[in-house]
Amino acid sequence: MPNIKLPDGNTLTFEKKVTGLKIAEKISKSLSKQALVISVDGNLKDLNFEIENDCSVKIHTSKDKEGIEIIRHDTAHVLAMAVQELFPGTQVTIGPVIDNGFYYDFARDEPFTHDDLQKIEKKMKEIIERDEPTHREIWERDKAIEHFKKAGEIYKAEIIKSIPKEEEVSIYFHGKWHDLCRGPHLLSTGRIGKYFKLTKVAGAYWRGDSNNEMLQRIYGTSWSSQKDLDEYLKRMEEAEKRDHRKLGKEMDLFHFREESPGSVFWHEKGWNLFQKLISFMRSKQDAAGYKEINTPEVLDRTLWEKSGHWEKFGENMYTSTTPDEKIFAIKPMNCPGCVQVFNQGLKSYRDLPLKMSEFGKVHRYEPSGALHGLLRVRAFTQDDAHIFCTEGQITQECLSVTNLILEIYKDLGFENVILKYSDRPNTRVGDDNVWDKSEKALLEAIKASKLEYSINKGEGAFYGPKIEFVLRDAIGRDWQCGTLQVDLNLPGRLGASFIDKDGSKKVPVMLHRALFGSLERFIGILIENYAGKLPFWISPLQTAVIPVSNDFDEYAKKVHKEIKKVGISSEVDLKNHNLNYKIREHSLSKIPILLICGKKEVDTNSVTIRRLDSNKQENMDLKLFLKKYSALNKVPSN
RNA sequence: GCCCUUGUAGCUCAGCUGGUAGAGCAAUUGAUUUGUAAUCAAUAGGUCCGCGGUUCGAGUCCGUGCGGGGGCACCA
């Protein structure tokens, strides 16, 4: 006689054991149709799972996260079924749910083609129409291993072997086809619906380990309605339109070329944007008490050996041998150089905290497959800084870095920031008790900041734990930008010291921090966040002056000159094209303000403003325009 | 680095099963003098990514190298 407690507080009592489906039927007919899965005392179960004891339940539909995930999981199973029906001999491995969809990894000698995806999709729809019923069996481990081995499913057998002994081995059947799976699943394939799409094929290592063989992964997306699917596909299209590589070309900001993969060739406008960000950051850091320095790009190997980079970071370093056969490394990080500046001259406890910033260009040999536009390059400029302080100052200094970073992101239009905390990695320098200390100090600072954070185990830098600042852009994507690291190792290794109050020599703590992270990456993110339509103050080319015809060229030139005089960048377009053409061209290159000059403007000494993304026209006295827009030509919060 | 895919004019792309290349835009020149997202015409423009091979003949087929894209692994 199970008593079933429902989320609304009511309790249903049943004579004998009961399934989720029966409960749903009892509640309402529509719920029984929409029901996908049930959670019993918080554990997700199949709808035909038999409940014998008192419990509280919640029935999930496609409106819940749980419901949509079941749909995706089942779609992945149907994908595997379809693949095995179409391509016998293909082995199945794993097929989990991911954000917005699912994937399934297969082992097959022949690669899947794009045409195959279409065929597979068709077959999947067929399987859904067949409405294969689901049922679950518990198998004895050895029997299960034997079974899958016999069936040629080596990977499945491997997976079963790695299931902890105390867990049961459950096998799900959809009709005759079956797969090892923890579940739960829908009652039948028909309940999936047909709002899915296979999106791409890709290689993926078995168990995510690059030492293992490569499998073929098929990605798909799956939803509970056509509307949701369409919206998702539209979001993907929108993201593609924002691609900074495409916009960078259209806006004439930068390009890449074969001769230096992963390194940016900045064009005039791109470099202007780059410099604007640097001077913005420079003024913020100046106000926060940082001292800017600059250190060499090429440094002797012995320094990198001392710092530990040679051993721990060597694979990512470019080196160079001089004619006299000395080995130098091109810096992959700015920290060792910065410590050299700290080491010049005696430092007192009174000098601490000492904050030294550097816009340092670093080179890292990144695997070719990792390169991606501005977001992952081999040569990049960090807005780096190193804060030398005492152990007692760590928390306070971390807090002021965090505040500075939030302020800067906000100025650039990013309000959503998440923290990720990473502790000691396997490849590291320094004793564990030193790591204990730095991890504790950094965690304290995070807690004091009261911001939300997640933990990335083992992802820290080789010399210390770190926080990463992740910002969320206009269309909900997350980007990792800034970083803050506590380092109790490098200063000692590189011989840094200060004289403390009591006259004794002590080793300072060093905080590494970068707020944009990499200027290159940050610019890529800015472009995508704004879809190229950068705020006026940061736009590399802010205005274009367009005469209605040649007759007004002189006036246009005069306006252009006046604008430049107040520090707004401008271009005057005297080409022999009509007005429509010029407006189109300059709009496509994302110039925020177009100024049209014709007879009316000449007569009244004014300009007609056309803003990017609006076809409204506004006529304004030239003097007023200059006044108004030079006021707008500043960081918004100032 | 690994798997798949791709590389033709400044850009975007066409070129079926092998017979030494084409379009639109951009550029140049000329005409037009334009009032809010492409005016018309003419001209010029290419070691079809590099190297090797098959073939009477390769943009097209094969091998290899380099670059790009999508993932994986790695990461700011």
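Just so it is clear: chains get the letters A, B, ... in the order the sequence lines come, proteins before strands, and each one is counted from 1.
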Colleague: When we call it a touch if two heavy atoms are under 4.0 Å apart, what does A:L588 touch: a base, just sugar-phosphate, or nothing?
Modeller: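 Answer is base: heavy atoms of A:L588 come under 4.0 Å of a base.
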Colleague: Write down the distance separating the P atoms in B:C25 and B:U39, rounded off to the nearest Å.
Modeller: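 My reading of the P atoms in B:C25 and B:U39 gives 10 Å.
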Colleague: Would you indicate what A:E618 reaches in the nucleic acid, counting non-hydrogen atoms under 4.0 angstrom: base, sugar-phosphate, or nothing?
Modeller: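 The residue A:E618 makes no contact with any strand.
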Colleague: Between A:T483 and A:D243, name the one whose nearest nucleotide on RNA chain B is closer to the 5' end.
Modeller: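 Per heavy-atom nearest nucleotide, the more 5' residue is A:D243.
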Colleague: For A:Y103, is the NZ or CZ atom of A:R217 found under 6.0 angstrom from the centre of its six-membered ring and inside 45 degrees of the ring axis?
Modeller: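 Verdict for A:Y103: a cation-pi partner in A:R217.
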Colleague: Report which part of the nucleic acid A:K582 touches: base, sugar-phosphate, or nothing (heavy-atom distance under 4.0 Å, all strands).
Modeller: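 Here A:K582 touches no strand at all.
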Colleague: Considering just the side-chain nitrogens and oxygens of A:S587, establish if one lies under 4.0 Å of OP1 or OP2 belonging to B:A37.
Modeller: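 False: A:S587 side-chain N/O out of range (4.0 Å or more) of B:A37 OP1/OP2.
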Colleague: On the nucleotide B:U39, are OP1 or OP2 found under 4.0 Å from the side-chain N or O atoms that A:N578 carries?
Modeller: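 So the side-chain polar atoms of A:N578 do come within 4.0 Å of the phosphate oxygens OP1 or OP2 of B:U39, strictly under.
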Colleague: For A:P367, which contact category applies under a 4.0 Å heavy-atom criterion: base, sugar-phosphate, or nothing?
Modeller: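 Base, at least one base heavy atom under 4.0 Å.
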Colleague: Using a 4.0 Å heavy-atom cut-off across all strands, classify A:H372 as base, sugar-phosphate, or nothing.
Modeller: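 The residue A:H372 makes sugar-phosphate contact but no base contact.
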Colleague: Check every atom of B:A76, B:A26, B:G35 against the side chain of A:Y581 and return the nucleotide holding the closest atom.
Modeller: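 The answer is B:A26.
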Colleague: Could you tell me how far B:C3 sits from B:U64 if I compare only their P atoms? Round to whole Å.
Modeller: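 Rounded to whole Å, the distance is 11 Å.
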Colleague: OP1 or OP2 of B:G70 less than 4.0 angstrom from a side-chain nitrogen or oxygen of A:R245, does that happen here?
Modeller: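 Indeed, a polar side-chain atom of A:R245 lies that close.
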Colleague: Name the nucleic acid region contacted by A:T113, choosing base, sugar-phosphate or nothing; use a 4.0 angstrom heavy-atom cut-off, strictly under.
Modeller: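 Nothing, no nucleic acid heavy atom in range.
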Colleague: Over all strands shown, is A:E585 touching base, sugar-phosphate only, or nothing at heavy-atom distances under 4.0 angstrom?
Modeller: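 If one applies the 4.0 Å heavy-atom cut-off, A:E585 turns out to touch nothing in the nucleic acid.
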Colleague: Just name whichever nucleotide pairs with B:G67, Watson-Crick or G-U, keeping both distances under 3.5 Å, else none.
Modeller: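 Its partner is B:U6.
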Colleague: Mark yes or no for a side-chain to base donor-acceptor pair under 3.5 Å between A:D551 and B:U33, with no hydrogen or angle criteria applied.
Modeller: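 Answer no: no donor N or O sits under 3.5 Å from an acceptor.
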Colleague: Please classify the nucleic acid contact of A:F522 as base, sugar-phosphate, or nothing, using heavy-atom distances under 4.0 Å.
Modeller: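 It contacts nothing in the nucleic acid.
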Colleague: Indicate, with a heavy-atom threshold strictly under 4.0 Å, whether A:N550 touches base, sugar-phosphate, or nothing.
Modeller: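 Touches a base.
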Colleague: Phosphate oxygens OP1/OP2 of B:C72: is one of them under 4.0 Å from a side-chain N or O of A:Y219?
Modeller: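 Answer is yes, contact under 4.0 Å.
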Colleague: B:U5 phosphate, OP1 or OP2: any side-chain N/O from A:K200 under 4.0 angstrom?
Modeller: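 Checking A:K200 against B:U5: no side-chain N or O falls below 4.0 Å of OP1 or OP2.
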Colleague: Rounded to whole angstrom, note down the C1' distance from B:U8 over to B:G50.
Modeller: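 Their C1' atoms lie roughly 15 Å apart.
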Colleague: Under 4.0 Å between any heavy atoms, over every strand shown, what does A:V362 touch: base, sugar-phosphate, or nothing? Just pick one.
Modeller: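 No contact.
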Colleague: Pick the P atom in B:G22 and in B:G69, then give their distance to the nearest Å.
Modeller: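 Taking atom P in both B:G22 and B:G69, they lie 31 Å apart.
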Colleague: Once you apply a heavy-atom cut-off of 4.0 Å, does A:A204 come out as touching a base, just sugar-phosphate, or nothing?
Modeller: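 The residue A:A204 makes sugar-phosphate contact but no base contact.
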Colleague: Ignoring hydrogens and angles, does a donor from either the side chain of A:Y205 or the base of B:G1 sit under 3.5 Å from an acceptor on the other?
Modeller: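 By the distance-only test, yes, there is a pair.
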Colleague: So, does A:K616 get its side chain near the phosphate of B:U36, meaning an N or O under 4.0 Å from OP1 or OP2?
Modeller: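 False: A:K616 side-chain N/O out of range (4.0 Å or more) of B:U36 OP1/OP2.
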Colleague: Does A:D383 offer a backbone N or O that forms a donor-acceptor pair with the side chain of A:R513 under 3.5 Å?
Modeller: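 Yes, because the side chain of A:R513 sits within donor-acceptor range (under 3.5 Å) of the backbone of A:D383.
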Colleague: A:Y365 near the nucleic acid: base, sugar-phosphate alone, or nothing, with a heavy-atom cut-off under 4.0 Å?
Modeller: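 Counting heavy atoms under 4.0 Å across all strands, the contact made by A:Y365 is with sugar-phosphate only.
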Colleague: Count the heavy atoms of every other residue, nucleotide or ligand shown that sit under 6.0 Å from CG of A:D603, and state whether that count exceeds 12.
Modeller: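 Yes, CG of A:D603 has more than 12 neighbouring heavy atoms, counting only those of other groups under 6.0 Å.
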